[in-house]
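Input: a single structure, listed below in structure tokens.
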Amino acid sequence: MSAQRQYSSKVAGQYLGTPNANGRYNVTLIKGDGIGEEISNAVVKIYEAAKVPVDWEPVDVTPSLINGVTTIPKPAVDSINKNKIALKGPLATPIGKGHQSMNLTLRRTFGLFANVRPCKSVVGYKTPYDNVDTVLIRENTEGEYSGIEHIIVPGVVQSIKLITKKASERVIRYAFEHAKSTGRHEVIVVHKASIMKLSDGLFVQCAKEIAKDYPEIKVSFELIDNTSLKLASDPTTYSKVVMVMPNLYGDILSDLSSGLIGGLGLTPSGNMGEKVCIFEAVHGSAPDIAGKGLANPTALLLSSCMMLRHMSLNDYADRIETAVLKTIASGPEHRTGDLRGTASTSSFTDSIISNL
Ligand code: ATP
């Protein structure tokens, strides 16, 4: 079966970087933890083979605690601020040292308010549904991830879900802009305002207001439990829409969506800010398979293709994407174990290169 281009939709927003003295583009590279090194090296090797005009700037993001706040090293922050763009492998948060989530720290440091997570069936890799094509936008900075938790008395804890008008409006407006620029006709706001009347209620209220600025785009509202049911029973319902939702719902529904197309090894994402964007796979650091040569680099590679399109390097994105999809479609001996294949990370990478 022939492969076809998959994630051709671009992300809304503008790339603010400029070419370097050699006419190439500097991109900050955070290799990450667990399988991060293996999958990042695969991407670098494929870029070299495809002659992509990108100069990688690898940075160390090992955090320190400054006044109780998890802080990213200055050289890494400076590199990302200078280049305006980064590709990031999965990061694990150091345990037992009082650190806040590394991913959240990065999102806050660079104001990455919207996380765009497309999910599309891979032709040639059979799953129960052949035509999944969803776009989910997750609020990226607050909600259930605010990290505000207290022990009230032993045995009673309180966790605060923080929702602000400012962050809600920003991500919802982004969702409408994304729908407009990618030809999707509807924005579905996913929530649970029936229970969280004030917090999700505010999110819904913001969406109602912002929708007035986009009369050409339909807006609808769905309870998260209903969306889960419909996504699992007929994902095509969501083919021409953009879903937008608070942080934790986005985390859960995007893993559900990944499951519909073959798992976490396949799904890319982009963290969008006003000035800076960081592209990364949806999956985590997968410590269970780290260092074993089993990791599937596809999700990071497809994230990098979203990044290339954002930089208007579409031809390179098309070429790499076509090669990876052709490789996946060419049979289990060319696929990694998560896709019921027998290939290692490096043999899969070499197959992609030979398909370029
Ligand atoms: P986090 O909490 O950091 O989001 P997680 O608990 O969701 O992480 P992951 O690290 O994403 O977990 O891994 C979930 C499962 O998916 C693991 O069994 C892992 O091995 C598998 N997995 C994740 N990414 C990949 C990949 N790129 N290739 C192969 N398997 C993967």
Side-chain angles (χ1 to χ4, degrees), residues 12 68-70 93 99-117 134-153 155-179 186-214 217-232 238 241-257 269-274 282 284:
V69 178
T70 300
T93 302
H99 281 291
Q100 288 103 22
S101 151
M102 271 303 289
N103 291 319
L104 201 65
T105 301
L106 269 177
R107 290 166 191 171
R108 284 198 184 134
T109 303
F110 296 104
L112 307 172
F113 61 88
N115 189 197
V116 183
R117 297 185 158 189
T134 59
V135 173
L136 180 156
I137 298 183
R138 166 183 180 185
E139 198 289 317
N140 226 6
T141 60
E142 56 177 26
E144 305 79 353
Y145 284 65
S146 304
I148 312 169
E149 287 193 321
H150 319 277
I151 297 174
I152 297 178
V153 290
V156 183
V157 295
Q158 187 180 45
S159 180
I160 292 180
K161 166 171 168 166
L162 186 78
I163 298 271
T164 65
K165 186 165 186 256
K166 188 173 168 204
S168 304
E169 284 180 344
R170 214 165 43 169
V171 72
I172 292 162
R173 189 168 293 285
Y174 183 87
F176 277 93
E177 287 296 325
H178 190 84
E186 183 178 356
V187 169
I188 298 184
V189 181
V190 180
H191 66 97
K192 190 75 184 178
S194 52
I195 300 300
M196 273 155 280
K197 292 184 172 34
L198 288 181
S199 52
D200 283 15
L202 176 59
F203 195 82
V204 165
Q205 191 50 42
C206 290
K208 285 183 179 162
E209 288 302 318
I210 284 171
K212 291 177 189 161
D213 295 339
Y214 298 88
I217 294 173
K218 188 179 166 202
V219 62
S220 30
F221 298 86
E222 249 179 46
L223 292 170
I224 170 91
D225 41 345
N226 188 14
T227 310
S228 311
L229 176 71
K230 282 164 65 183
L231 257 180
Y238 298 93
V241 312
V242 168
M243 291 176 270
V244 63
M245 62 203 73
N247 211 333
L248 182 64
Y249 306 156
D251 181 47
I252 296 169
L253 283 192
S254 56
D255 270 26
L256 193 163
S257 307
S269 85
N271 293 287
M272 313 307 291
E274 301 286 354
V282 165

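Throughout, residue positions are numbered sequentially from 1 according to the sequence presented.
A pairwise comparison of heavy atoms in L223 and K192 identifies CD2-CA, 3.9 Å as the closest pair. Closest approach of T227 to E222, counting heavy atoms only: OG1-OE1, 2.8 Å. Taking both residues in full, the closest heavy atoms of D213 and R173 are given as OD2-NH2, 3.0 Å, listed atom of the first, atom of the second, then distance. Closest of all the heavy-atom pairs between A175 and V244 is CB-CB, 3.7 Å. Minimum heavy-atom separation, S199 to K161: OG-CE, 3.9 Å. Scanning both residues, S146 and G143, for their nearest heavy atoms gives OG-O, 2.7 Å.
Using modelled atom types, no side-chain atom of T141 and backbone atom of R108 make a donor-acceptor pair closer than 3.5 Å. Put simply, the side chain of E142 never gets that close to the backbone of A167: no donor and acceptor are under 3.5 Å apart. Formation of a donor-acceptor pair under 3.5 Å by the Q158 side chain with backbone atoms of I160 is not found in this model. When atom types are taken as modelled, the side chain of N115 and the backbone of I137 share no donor-acceptor pair closer than 3.5 angstrom. Distance alone, capped at 3.5 Å, places no donor-acceptor pair between the R107 side chain and the L112 backbone. No donor-acceptor pair under 3.5 Å is formed between the side chain of D200 and the backbone N or O of H191.
The side chain to side chain contact (heavy atoms under 4.5 Å, CB included) search around L198 returns none, not counting sequence neighbours.
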Just do the side chain to side chain contact (heavy atoms under 4.5 Å, CB included) check on E139 and Y249 with the steps written out, would you? CA-CA 9 Å; E139 198 289 317; Y249 306 156; over 6 Å; no
If you apply the rule side chain to side chain contact (heavy atoms under 4.5 Å, CB included), what do you find for V171 with N140, and how did you get there? CA-CA 8 Å; V171 72; N140 226 6; over 6 Å; no
If you apply the rule side chain to side chain contact (heavy atoms under 4.5 Å, CB included), what do you find for Y174 with V116, and how did you get there? CA-CA 10 Å; Y174 183 87; V116 183; 3.6 Å; yes
Per-pair distances, 0.1 Å, donor-acceptor, side chain in residues 201-211, under 3.5 Å, sequence neighbours excluded:
unit_1	atom_1	unit_2	atom_2	d
E209	OE1	K212	NZ	3.3
E209	OE2	K212	NZ	3.3

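Note that OG of S194 and CG of N226 are 10.5 Å apart. Values are rounded to the nearest 0.5 Å. Distance CD1/I163 to OG/S168: 5.0 Å, rounded to 0.5 Å. The distance from atom CG of L256 to atom CG of L136, rounded to the nearest 0.5 Å, is 10.0 Å. Put simply, CZ on R138 and OG on S254 are 6.0 Å apart, with the number rounded to the nearest 0.5 Å. For the atom pair NZ of K218 and CD1 of I188, the computed distance is 7.5 Å after rounding to the nearest 0.5 Å.
For the pair L253/I224, a side-chain contact is recorded, criterion being any heavy-atom separation below 4.5 Å from C-beta on. The shortest distance between side-chain heavy atoms of V157 and E149 does not fall below 4.5 Å.
Checked for salt-bridge contact, E169 and K165 meet the test: a charged N lies under 4.0 Å from a carboxylate O.
Using a 3.5 Å distance cut-off with no hydrogens or angles, the side chains of E177 and Y214 do pair a donor with an acceptor. Side chains of Y145 and N103: no donor on one and acceptor on the other come within 3.5 Å.
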